[in-house]
Amino acid sequence: MGRMRGMAVGLCIAGAAVTVLSLGWFSDKLYTRVRPGQLAYQPMEEMPPRVDMASVQRDWPASFNEPGEGSRVIAYQRAMRGKAPAPGAAGGAVAAAPPPDLGSLLASADAGAGKQKIQLCMSCHDFTQGGVNRIGPNLWGVVGRPVASHAGFAYSPAMQAHKGSWDYEALFAFLGSPGRVVPGTKMSFAGLRRPEDRAAVIKYLATLGTGAPPLPQPKAIAAR
Ligand code: HEC
């Protein structure tokens, strides 16, 4: 009986030793050894910034539906995750300079450049007084005109439901991203991404006809 017990204890010890040794061998296979002084992980701060935050924020959200925008948006959201500063906190990547107000944009906009830009619209729009409707309605005097009101043009239900008139703010928003501002519109045009381009186009449009309201006042510099 004593001999049997001795053998059992011996087997137990041998088994335990084999288990410990093989566990060590397995864990070496599973985990990479880290040398002294070397970090086992990549610190976030050292990752290179891949997005130009300023440009994403400036264009946001008007540029949303441009080709390639999806990946920039995802990169932006990744970069922003957990970085939003507490409300009122100074600094932080989100606290970029506010975009210029529409009045200031229009004040510095160049109607001549806008006249060049509307070549992008001319496949679908005529801009002359009494001119035809093409794929889109004639746009003579569109600034200040009630939405979806040009005679003889069959507007989409979406545009008919878009109330109000084409004042500066409405045009600025619509031309940035027609499909987002008027979901279901049949104006299949991605939009003018740059606020400066939109302002130039709108300033030119305001010279067509006499119905355009006065340009909005630029906000006082001190207020910004
Ligand atoms: C691919 C053709 C196409 C292009 C390009 C296009 N549009 Fe349009 N646009 C349309 C159509 C179609 C409508 C009518 C939309 C509806 O009924 O949903 C429209 C409507 C509009 C309206 C509303 C008019 C109203 O009477 O309510 C404005 C303003 C406008 N477009 C401006 C522009 C400007 C400025 C450009 C160039 C920067 C442009 N569009 C480029 C097809 C186009």
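One is the number of the first residue; the rest follow in order along the sequence.
Nearest heavy atom pair, residue Y168 against residue P216, reads CD1-CD, 3.6 Å. When every heavy atom of N138 is checked against every heavy atom of T128, the shortest pair comes out as ND2-O, 2.9 Å. Here the closest heavy-atom approach between residue P178 and residue G191 is recorded as CD-CA, 3.7 Å. Heavy-atom minimum distance, A158 versus T185: CB-N, 3.9 Å. Taking both residues in full, the closest heavy atoms of P218 and A107 are given as CG-CB, 3.9 Å, listed atom of the first, atom of the second, then distance. What you find for D110 and A200 is that their closest heavy atoms are O-CB, 3.4 Å.
Atom NZ of K203 and atom CG of L106 lie 7.0 Å apart (nearest 0.5 Å). We find the CD-CD1 distance between E169 and I202 to be 9.0 Å, quoted to the nearest 0.5 Å. In this structure, the separation between CD on Q160 and OG on S149 is 11.0 Å, given to the nearest 0.5 Å. Taking CD from E196 and OG from S108, the interatomic distance works out to 7.5 Å, rounded to the nearest 0.5 Å. To the nearest 0.5 Å, atoms CG (L192) and OG (S177) are separated by 10.5 Å. Rounding to the nearest 0.5 angstrom, the gap separating the CG atom in L171 from the CZ atom in R145 is 10.0 Å.
Annotation: side-chain contact (heavy atoms from CB on, under 4.5 Å) contacts of A170 (sequence neighbours excluded): W166, D167.
With a 6.0 Å radius and a threshold of 12 heavy atoms from other residues, nucleotides or ligands, K117 has its NZ atom at or below the threshold.
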Starting from the C-alpha separation in whole Å, work towards a yes-or-no answer on side-chain contact (heavy atoms from CB on, under 4.5 Å) for L139 and L208. CA-CA 8 Å; L139 290 182; L208 307 176; 5.9 Å; no
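With contacts defined as side-chain heavy-atom distances shorter than 4.5 Å, the pair H150/W140 does not qualify. With a 4.5 Å cut-off on side-chain heavy atoms, H162 and F174 do not count as touching. Within the 4.5 Å cutoff, side-chain heavy atoms of P137 are placed close to those of H125. In this structure, the side chains of K115 and F127 stay at 4.5 Å or more apart for every pair of heavy atoms.
Side-chain N or O atoms of D101 include one that pairs as donor or acceptor with a backbone N or O of K219 at under 3.5 Å. Listed for the R193 side chain is no donor-acceptor partner under 3.5 Å among the backbone atoms of G176.
Under the 4.5 Å side-chain contact rule for hydrophobic residues, I135 and V132 do not share a cluster.
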